[in-house]
Amino acid sequence: MSGKPGWQAQRCPQVFSWPAPAGVFADRFDRRTLLLCGNLLGAAILGTLALLQSSSALGLPVLTSAALLLGMAGSTLTPAENVAVRNLVHPDLLPRALSLMQARTAVSLIAGPVAGGALLTAEPAWVFTLDAATYLLAAACMAALPSGAGPVAQGSPR
């Protein structure tokens, strides 16, 4: 794994305690806003990668920086999502909702590398564009959530 800088950059935020402030963000700020902004940030990063790839200006330093930024955004999205689902889903349906979230994670961990290998034959700019579109779809879903997505800490900014 030492020869894969993208993998290392993607894991750096998790290793160097980015989740600690991310959890604080999820507790203090509106979860819907965090989820919306995080997904829009992911779309912007991947859209930028698509543009740079199509203009042949994409290099390893940019890819590594993008992987680091996407890892940080993902580390911020996870705690906000975990709290928001508990605030939005009826308590009777919560076990099923949490099970679906775990199943989604498991499937992505298994299918992601397989799909990534298959996409190696495709034009990278299209792959980045497709991934940016998935972030935009997620952002649209977050925009449809009710404002607030659960309580925030007393005296915190909204």
Side-chain angles (χ1 to χ4, degrees), residues 1-85 88 97-98 100-149 157-158:
M1 292 198 197
S2 62
K4 298 180 181 175
W7 179 87
Q8 292 169 342
Q10 191 173 11
R11 299 295 181 243
C12 280
Q14 296 160 354
V15 172
F16 295 112
S17 299
W18 181 257
V24 172
F25 292 155
D27 288 339
R28 298 199 182 238
F29 295 98
D30 179 62
R31 282 116 190 153
R32 178 180 171 264
T33 303
L34 283 174
L35 293 166
L36 182 62
C37 291
N39 282 296
L40 289 173
L41 177 62
I45 293 167
L46 289 157
T48 301
L49 289 177
L51 290 172
L52 290 172
Q53 175 63 34
S54 62
S55 65
S56 300
L58 186 61
L60 186 59
V62 173
L63 268 176
T64 304
S65 298
L68 180 65
L69 290 172
L70 283 170
M72 291 171 74
S75 292
T76 302
L77 288 172
T78 301
E81 179 185 80
N82 287 335
V83 173
V85 75
L88 293 171
L98 294 173
L100 287 171
M101 287 175 60
Q102 285 184 327
R104 177 200 63 195
T105 301
V107 167
S108 68
L109 288 173
I110 294 168
V114 173
L119 290 172
L120 283 176
T121 61
E123 171 60 36
W126 286 109
V127 176
F128 292 134
T129 302
L130 177 63
D131 201 8
T134 65
Y135 274 91
L136 288 175
L137 177 62
C141 291
M142 297 308 111
L145 287 176
S147 183
R158 278 213 174 236

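The first residue of the sequence shown is numbered 1, and numbering continues consecutively from there.
- Between Leu136 and Leu40, the closest side-chain pair of non-hydrogen atoms falls below 4.5 Å.
- If you take CG on Leu46 and OG1 on Thr134, they are separated by 7.5 Å, rounding to the nearest 0.5 Å.
- Remark: the backbone N or O of Ser75 is not paired with any side-chain donor or acceptor of Thr78 at under 3.5 angstrom.
- You'll find the side chain of Leu98 reaches within 4.5 Å of the side chain of Met101, heavy atoms only.
- Remark: the backbone N or O of Leu145 is paired with a side-chain donor or acceptor of Arg32 at under 3.5 angstrom.
- Between Ala66 and Ile45 the shortest heavy-atom distance is CB-CG2, 3.8 Å.
- Between atom CE of residue Met142 and atom SG of residue Cys37 there is a gap of 12.5 Å, rounded to the nearest 0.5 Å.
- Between Ser108 and Pro113 the shortest heavy-atom distance is O-CD, 3.9 Å.
- Listed here is the closest heavy atom pair of Arg31 and Ala84: CB-CB, 4.0 Å.
- Atoms OG1 and CD, from Thr76 and Glu81 in turn, are 12.5 Å apart once rounded to the nearest 0.5 Å.
- Counting only distance, with no hydrogens or angles, the side chain of Thr64 and the backbone of Pro61 share no donor-acceptor pair below 3.5 Å.
- Note that the CG atom of Asp131 and the CG atom of Leu70 stand 7.5 Å from one another [nearest 0.5 Å].
- Residues Ala125 and Gln53 share a closest heavy-atom pair of N-CG, 3.6 Å.
- Distance CG/Leu77 to OH/Tyr135: 7.0 Å, rounded to 0.5 Å.
- Without hydrogens or angle criteria, Asn39 side chain to Leu35 main chain gives a donor-acceptor distance under 3.5 Å.
- We find the CG-CG distance between Leu49 and Leu58 to be 5.5 Å, quoted to the nearest 0.5 Å.
- For Ala73 against Gly38, the heavy-atom pair with the smallest separation is CB-O, 4.4 Å.
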